[in-house]
Amino acid sequence: MTNYADLHIHTSASDGEYSPQFVVRAAKAQGFKAIAITDHDTLDGLEEAQKTSREIGMELITGVEISSTWEEKEIHILGYLIEENDGRLQQVLTEMKNSRSERIKKMVIKLRNLGYDIQLDQVTKISGAGAIGRPHVAKVLLEKGYVTSIKEAFNKLLSPGCPAYIPRYKITPMEAINLIIEAQGIPVLAHPGVNQADNLIPFLKELGLLGIEVWHPEHNIQDIDKYYNLAKTYGLLMTGGSDWHGNNKDLDFSLGSIKIDYSLVEALKAKKNELRGK
Ligand code: AMP
Ligand code: ZN
Ligand code: FE
Ligand code: FE
């Protein structure tokens, strides 16, 4: 009996390569008991994932990864077990999705001014109906031979401080946490080892943060140890996942690279029930 989960996966509803249906089937084939779909700033992939999960007998945890900003740092807040029909969450995510399109439009213009011959429709062809993002731009640059990897596109052009960068729609981590709580979900700080914002953890906990992502492909052994201990110190839940994007991310974030014990999923559910007074 397999008893493991992956609580951080992207689909084509944001910048993942594969459809929600494909992702759920792939996870089933790998023996996962449960997965969470955590697309950037959108819930659009959840319905299809839910349907496939029911068909093939896989547990789907509703999720989202909200992009927030604090003092120029990107802080991603994962929301688990959210109620998808929450009006306020949907409204803010719709605004974020629209502003993503505007942002990428401006980045394409910047790139053209820098001499990169790329068109917006080449980017939207890759993003499809999903929430558009920088990895889609990176993929066009890669396909056109301007860079040799997605990483290079980010390092040379698309990251803060680079010539084609445009900041995104700004919401604070506090707003992201509140939105998730209002949608009856569990807010969890994503990959803290990537953001170097450990000093924020006690502060975010005061604001309602309930967990930290301990296991992530960009966390080394020391990070895992540190965040495991921080979670214990602050009484926070622990989560983990592969952050799988298919080939839209050229690091080794493959499905199956992170398997967390199912008891951590049960702890999330227990927390939700506790908060709802069950
Ligand atoms: P966006 O939502 O448009 O800001 O893009 C965020 C996505 O870009 C996330 O999936 C990140 O993992 C990815 N990303 C950010 N920085 C890098 C990088 N240096 N190399 C590869 N992917 C990155
Ligand atoms: Zn992504
Ligand atoms: Fe993230
Ligand atoms: Fe992610």
Side-chain angles (χ1 to χ4, degrees), residues 6-18 20 23 35-45 61 63-70 72-80 93 95-108 110-111 120 123-124 126-128 130-142 147-162 164-171 176 188-196 212-213 215-219 239-255 257-258:
D6 180 336
L7 295 180
H8 192 154
I9 302 181
H10 294 270
T11 76
S12 53
S14 68
D15 56 1
E17 184 175 6
Y18 301 112
V23 164
I35 59 165
I37 301 283
T38 52
D39 277 309
H40 300 285
D41 310 325
T42 182
L43 310 177
D44 291 354
I61 307 295
V64 66
E65 183 176 15
I66 301 186
S67 324
S68 73
T69 312
W70 185 252
E72 306 304 312
K73 283 189 180 136
E74 274 201 32
I75 309 283
H76 293 177
I77 307 285
L78 294 157
Y80 292 114
L93 295 183
E95 282 166 25
M96 289 178 86
K97 192 171 175 188
N98 293 339
S99 88
R100 279 178 167 277
S101 305
E102 289 306 310
R103 175 196 195 202
I104 296 300
K105 240 184 246 173
K106 289 182 194 154
M107 287 182 78
V108 168
K110 273 199 156 185
L111 283 164
L120 184 63
V123 185
T124 52
I126 294 176
S127 65
I132 197 166
R134 289 175 292 159
H136 300 119
V137 179
K139 213 163 177 200
V140 174
L141 290 166
L142 179 63
V147 291
T148 55
S149 67
I150 300 273
K151 187 109 211 136
E152 186 189 341
F154 272 90
N155 291 346
K156 250 171 71 177
L157 295 159
L158 307 176
S159 295
C162 297
Y165 183 74
I166 298 274
R168 76 165 78 198
Y169 178 88
K170 288 201 165 66
I171 80 165
V188 172
L189 179 62
H191 44 64
V194 179
N195 311 113
Q196 327 258 291
I212 355 187
E213 190 174 49
W215 296 274
H216 183 273
E218 284 187 89
H219 284 179
T239 69
S242 63
D243 211 350
W244 187 41
H245 285 68
N247 291 321
N248 286 352
K249 193 151 179 171
D250 56 1
L251 299 165
D252 190 21
F253 289 32
S254 54
L255 183 67
S257 62
I258 303 274

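Nothing fancy with the numbering, it's 1 onward along the sequence. Atoms within each ligand, like the ligands themselves, are counted from 1 in listed order. Below, each value reflects all heavy atoms present in this structure, side chains not excepted, and no hydrogens, waters or symmetry copies.
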Check: Can His136 be said to touch ligand 1, with heavy atoms closer than 4.0 Å?
Finding: no
Next item on the list: Within a distance under 4.0 Å of any heavy atom of Arg103, pick out the atoms of ligand 1 and give their elements.
Entry: 1 (P), 3 (O), 4 (O)
Notebook entry, point to check: Any chance the rings of His40 and His10 have centres within less than 6.0 Å?
Noted result: yes
Notebook entry, point to check: Per the salt bridge (charged side-chain N to carboxylate O under 4.0 Å, His left out) rule, which among Asp41, Asp39, Asp44 passes with Lys97?
Noted result: Asp44
Next item on the list: Describe, in one word, how the ring planes of Trp244 and Tyr18 are oriented to each other, choosing from parallel (under 30°), tilted (30 to 60°) and perpendicular (over 60°).
Entry: tilted
Notebook entry, point to check: Could a heavy atom of Ser67 be found less than 4.0 Å from some atom of ligand 1?
Noted result: no
Margin query: Within less than 2.8 Å, report the number of protein N/O/S atoms around the Zn ion (ligand 2).
Written below: 4
Next item on the list: Only heavy atoms count here, so choose which of Ser159, Ala138, Pro135 is nearest to atom 5 (O) of ligand 1.
Entry: Pro135
Item checked: Closer than 2.8 Å to the Fe ion (ligand 4) - protein N, O or S atoms, ordered by chain and residue number -> His8 NE2, His10 NE2, Glu65 OE1, Asp243 OD1
Next item on the list: Return yes or no for this condition: an N or O of Glu74 is under 3.5 Å from an N or O of ligand 1.
Entry: no
Next item on the list: Classify the contact between His40 and ligand 1 as side chain, backbone, both or neither, using a heavy-atom distance cut-off of under 4.0 Å.
Entry: side chain
Next item on the list: Under 4.0 Å from a heavy atom of Asp15: give me the atoms of ligand 1 that qualify, with their elements.
Entry: 7 (C), 9 (C), 10 (O)
Margin query: Below 4.0 Å from ligand 1: does a non-hydrogen atom of His10 turn up there or not?
Written below: no
